[in-house]
> 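My questions all concern the structure below.
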Amino acid sequence: PAVMSVSPAHGAVRVPANSYITFNFSEPVDAATFASQHVYIKDGSETIAGLFKLSSDGTQGQYIPSEPFASQAQVDVTVTQGLKDLQGNRAREVYYSYFIIRDTTPPEVDPSRISVLIPENGVVHVTGREGTLSPGDTLLIFNPRTGKAVSYAAQSSAAFDVTIEAEMADLLQIKVVDAENNETVIQDKPFVSADGKSAVLDGQAREFITPEGLGVQVEAGTFNEPVVVSVNRVSDEDDLAPVIEGFERAQALQVDFGGARPAKPFKISISK
């Protein structure tokens, strides 16, 4: 018997990670020899676990991996002369081929480097610092309320500023898609001020931390509508209560709810 062809083809690249391997034989083969003892499926030196199946007429075999192939793996396929036909004849020669799995790793994105600024005149700026996106990445922004979406294709790792129509009550959906169509979703980015000291908190449980490490955390239901909350460091000692004897002041902060009244207690935090 001989291996006539294998799919994915020899040297194929960007092969989907969930692919099966199909073998076509010149004649029916013995099912007992179409097995891991005589057909090697490897990633480097590691054998890839999977299931071998043979068609009812014995002329086509299939290998089903136990789990998707690893991202960018080179899968080596070797059929030894231990493969036999129904008369017990060994394979004419050793067959070898390989293929490369496409990159399935989601893009690495640091959400803290992306800011969604508080809406002004019905427009929101989504900004990212230099190095947030890699060349070839695409930033996708969608507003479920309006049904409108915008995209930004990064040609370099430079900083970016993308605008979209939105109001205070909107919650934008943001994701980054790389050239291989892998995506990373940026979850629950609140609207913030350009200086990072104010944020819009709504009826959901939220935590907001300023660039200075000052934070406020609220439970769900603390507000029944979007509220601009500001957290600022207080440095003027004249505005502060005296320090209790035996203690020293680490930091002082002021939380401003813009006139709104929280319905539940909230937590504040100060970085060490």
Side-chain angles (χ1 to χ4, degrees), residues 106-121 123-134 137 139 141 143 157-164 166-176 184-272:
E108 292 187 13
V109 183
D110 181 356
S112 68
R113 300 178 69 84
I114 296 177
S115 297
V116 183
L117 302 189
I118 295 173
E120 292 186 7
N121 301 318
V123 175
V124 165
H125 289 257
V126 179
T127 65
R129 300 200 296 273
E130 182 177 359
T132 301
L133 300 179
S134 300
D137 287 348
L139 178 74
I141 309 168
N143 187 335
S157 58
F160 60 85
D161 185 340
V162 182
T163 60
I164 186 173
E167 302 292 344
M168 287 266 286
D170 293 336
L171 182 61
L172 302 181
Q173 297 176 1
I174 303 173
K175 61 183 178 181
V176 177
T184 295
V185 177
I186 310 300
Q187 301 278 9
D188 290 340
K189 291 293 292 185
F191 296 129
V192 298
S193 60
D195 62 7
K197 295 182 179 180
S198 301
V200 176
L201 305 185
D202 52 22
Q204 301 182 49
R206 297 287 188 189
E207 182 179 25
F208 166 58
I209 300 176
T210 73
E212 296 177 312
L214 309 178
V216 59
Q217 184 181 60
V218 300
E219 299 178 18
T222 300
F223 302 107
N224 58 14
E225 61 182 4
V227 174
V228 177
V229 178
S230 299
V231 186
N232 293 284
R233 186 188 304 276
V234 178
S235 56
D236 189 343
E237 292 290 332
D238 293 337
D239 295 334
L240 302 173
V243 178
I244 299 174
E245 185 176 354
F247 290 82
E248 62 179 33
R249 196 186 317 278
Q251 294 187 51
L253 61 83
Q254 180 187 55
V255 180
D256 183 357
F257 293 113
R261 189 177 184 86
K264 296 182 178 182
F266 60 91
K267 297 179 180 180
I268 60 175
S269 62
I270 301 175
S271 63
K272 294 182 179 180

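For clarity, every value in this text was computed on a predicted model and none was experimentally measured.
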> Only counting residues at least two apart or in another chain, list the ones meeting side chain to side chain donor-acceptor pair (under 3.5 Å) with Ser112.
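Result, side chain to side chain donor-acceptor pair (under 3.5 Å) vs Ser112: Asp110.
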> Please name the pair of heavy atoms, one in Pro111 and one in Ile186, separated by the smallest distance, quoted to 0.1 Å.
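Minimum heavy-atom contact is CB-CG2, 4.2 Å.
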> Which residue pairs satisfy the side chain to side chain donor-acceptor pair (under 3.5 Å) criterion with at least one member in residues 253-267, sequence neighbours excluded?
none
> Roughly how far apart are Phe208 CZ and Lys197 NZ, rounded to 0.5 Å?
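Going from the CZ atom of Phe208 to the NZ atom of Lys197 covers 10.5 Å.
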> May I ask you to decide if Leu172's main-chain N or O and Asp170's side chain share a donor-acceptor pair within less than 3.5 Å?
no
> Looking only at non-hydrogen atoms, find the nearest pair between Phe191 and Leu117 and report the distance.
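Smallest interatomic distance, heavy atoms only, reads CD2-O, 3.6 Å.
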> Nearest heavy-atom pair of Arg249 and Ala241: which atoms, and what distance?
NH2-O, 2.8 Å
> May I ask you to test the Arg206-Asp188 pair for a side-chain heavy-atom distance under 4.5 Å?
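Yes, close enough: below the 4.5 Å cut-off.
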> Listed by chain and number, what are the side-chain contact (heavy atoms from CB on, under 4.5 Å) partners of Arg233, not counting sequence neighbours?
Glu212, Leu214, Gln251
> Just wondering, do Ile118 and Met168 contact through their side chains at under 4.5 Å, heavy atoms?
yes
> Would you be so kind as to tabulate the donor-acceptor pairs closer than 3.5 Å made by side chains of residues 218-232, with sequence neighbours excluded?
{"unit_1": "Thr222", "atom_1": "OG1", "unit_2": "Glu219", "atom_2": "N", "d": "3.2"}
{"unit_1": "Thr222", "atom_1": "OG1", "unit_2": "Glu219", "atom_2": "O", "d": "2.6"}
{"unit_1": "Ser230", "atom_1": "OG", "unit_2": "Ser198", "atom_2": "OG", "d": "2.6"}

> Can you check whether Thr163 reaches Val124 side chain to side chain, under 4.5 Å on heavy atoms?
no
> Does some side-chain heavy atom of Val162 sit less than 4.5 Å from a side-chain heavy atom of Ile164?
no
> Test Val126 against Lys189 for side-chain contact (heavy atoms from CB on, under 4.5 Å), laying out the working first.
CA-CA 10 Å; Val126 179; Lys189 291 293 292 185; over 6 Å; no
> Which distance, rounded to the nearest 0.5 Å, do you find between the CD1 of Ile268 and the CD1 of Ile209?
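Here the interatomic distance stands at 12.5 Å.
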> Could you pull out all residues at least two apart from Asp137 that satisfy salt bridge (charged side-chain N to carboxylate O under 4.0 Å, His left out)?
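Applying salt bridge (charged side-chain N to carboxylate O under 4.0 Å, His left out) to Asp137 gives none.
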> Show the nearest heavy-atom pair for residues Leu240 and Asp236, with the distance to one decimal.
CG-O, 3.7 Å
> How about NZ on Lys175, more than 12 heavy atoms from neighbouring residues, nucleotides or ligands closer than 6.0 Å, or not?
no
> Residues in salt bridge (charged side-chain N to carboxylate O under 4.0 Å, His left out) with Arg113, at least two apart?
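For Arg113, no residue satisfies salt bridge (charged side-chain N to carboxylate O under 4.0 Å, His left out) once neighbours in sequence are set aside.
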> Rounded to the nearest 0.5 Å, how far apart are CG of Leu139 and OG1 of Thr132?
9.5 Å
> With rounding to the nearest 0.5 angstrom, report the CG to CG distance, Leu171 to Asp202.
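The distance works out to 7.0 Å.
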